[in-house]
Amino acid sequence: EIVGYGLVLAALTKCAQLPLHFWLPQATGAPVAASALMQSATTVVAGIYVLLRFSFLLESAPGPLRVLILAGSATLLLASLAAATQFHLPRLIAFTTSAVLGLVILGLGFGAWSTATFLLLTHAFVKSLLLLASGVVMTALRGETDLRRMGGLAQRMRWTQGIFGLAALALVGMPPLANFFPIEE
C-alpha cells in the first residue's frame with residue numbers, strides 16, 4: 001500500500017488534482033499551442049498514465065483507491081465551480097481540464113480502467129480543438145483574454161465560432177460528440 005500511496009501522490013501532483021491543483025491555471029501564460037499540448041496530451045496526462053500502467057498494484061490496495069475517489073470527487077466539484085467564476089479564458093479552460101481529469105481520477109478510483117482511458121483519449125482531442133480555437137480568438141483580439149471584452153465576434157469569425165461551439169459541446173458530453181460515450185459508459 002505504501003507504493004500505491006506514492007503513485008497516487010505523484011499522479012495527483014502531475015494531474016493538477018486537489019490539493020495540488022493550483023499549478024495548472026497559473027501555467028496559462030504559455031503560448032496557445034504549448035497550452036494545448038500541455039493540457040491535452042502530455043503533462044497532465046502523465047500521472048494518469050502512471051496509474052494505468054500500475055493498475056495491477058492499485059487493484060490490491062484499497063487505501064490509495066479511496067484517495068483517488070476523494071481527490072477526484074473534490075477536484076471535479078471545485079474545479080467546475082472555479083471554472084464557472086472565471087473571466088480569463090485560458091484559466092477557464094485550465095479549470096475545465098482539472099475537472100475532467102478529476103472525473104478520470106474518480107473512474108480510476110472505482111476501478112473503471114478502460115472507461116477512464118477512453119475519457120482521457122477523447123478529452124485530449126476535444127481540449128486541443130478548444131484551446132486552438134480559443135487561440136484564434138485571442139489572436140484576432142490582439143491578445144485579449146477577458147471574456148467580458150469578447151462580445152460581437154460571431155459576425156467576424158463564423159468558422160471559429162462553430163468550431164469553438166462544437167468543441168464546447170463535446171467537452172460537456174453532448175450526444176453524439178466525443179466525450180458523451182465515455183461519460184455515459
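Being a predicted model, the structure only gives us computed values, none of them experimental. Below, each value reflects all heavy atoms present in this structure, side chains not excepted, and no hydrogens, waters or symmetry copies.
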Kindly write out the residues that satisfy salt bridge (Lys or Arg N to Asp or Glu O under 4.0 Å) with Arg156, not counting sequence neighbours, or none if the list is empty.
none

What residues form a salt bridge (Lys or Arg N to Asp or Glu O under 4.0 Å) with Glu144, not counting sequence neighbours?
Arg149

Are [Y] and [X] connected in a single hydrophobic cluster, I mean Ile/Leu/Val/Met/Phe/Trp/Tyr linked by side-chain heavy atoms less than 4.5 Å apart?
X      : Y      : result
Met174 : Leu166 : yes
Leu81  : Val172 : no
Val100 : Leu77  : no
Phe54  : Val8   : yes
Met138 : Val136 : yes

When rounded to the nearest 0.5 angstrom, what distance separates [atom1] in [X] from [atom2] in [Y]?
X      : Y      : atom1 : atom2 : result
Leu132 : Phe164 : CG    : CZ    : 11.5 Å
Leu171 : Thr97  : CG    : OG1   : 7.5 Å
Gln17  : Leu70  : CD    : CG    : 12.5 Å
Glu59  : Leu57  : CD    : CG    : 9.5 Å
Ser114 : Leu119 : OG    : CG    : 11.5 Å
Leu103 : Ser98  : CG    : OG    : 12.5 Å

If every non-hydrogen atom of [X] is compared with every non-hydrogen atom of [Y], which pair is closest and at what distance?
X      : Y      : result
Ala170 : Leu177 : N-CD1, 3.6 Å
Thr96  : Ile93  : OG1-O, 2.6 Å
Asn179 : His123 : OD1-N, 3.5 Å
Gly47  : Lys14  : N-CG, 3.8 Å
Val126 : Ala167 : CG1-O, 3.5 Å
Ala140 : Met157 : CB-CE, 3.7 Å

Quick one, [X] and [Y] - any side-chain contact, counting heavy atoms below 4.5 Å?
X      : Y      : result
Glu1   : Ser60  : no
Leu141 : Leu153 : yes
Pro64  : Leu7   : no

Within the distance-only criterion (no hydrogens, no angle test), does the side chain of Thr75 pair as donor or acceptor with the backbone N or O of Leu18 below 3.5 angstrom?
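Yes.
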
Quick one: name the residues clustered hydrophobically with Phe181, using the 4.5 Å side-chain heavy-atom rule over I, L, V, M, F, W, Y, and just say none if it's on its own.
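The other cluster members (ILVMFWY side chains, heavy atoms under 4.5 Å, direct or chained) are Phe118, Phe180.
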
My understanding is that only residues two or more places apart in sequence, or in another chain, count here; which of them pass side chain to side chain contact (heavy atoms under 4.5 Å, CB included) with [X]?
X     : result
Leu65 : Leu58, Leu68, Trp113
Ile48 : Cys15, Leu52, Leu101, Val104, Ile105, Leu108, Leu120
Ala82 : Phe95

Determine, step by step, whether Val67 and Leu12 satisfy the side-chain contact (heavy atoms from CB on, under 4.5 Å) criterion, reporting the C-alpha distance in whole Å, the side-chain angles of both residues, the deciding distance to 0.1 Å, and the verdict.
CA-CA 10 Å; Val67 171; Leu12 294 180; 4.2 Å; yes

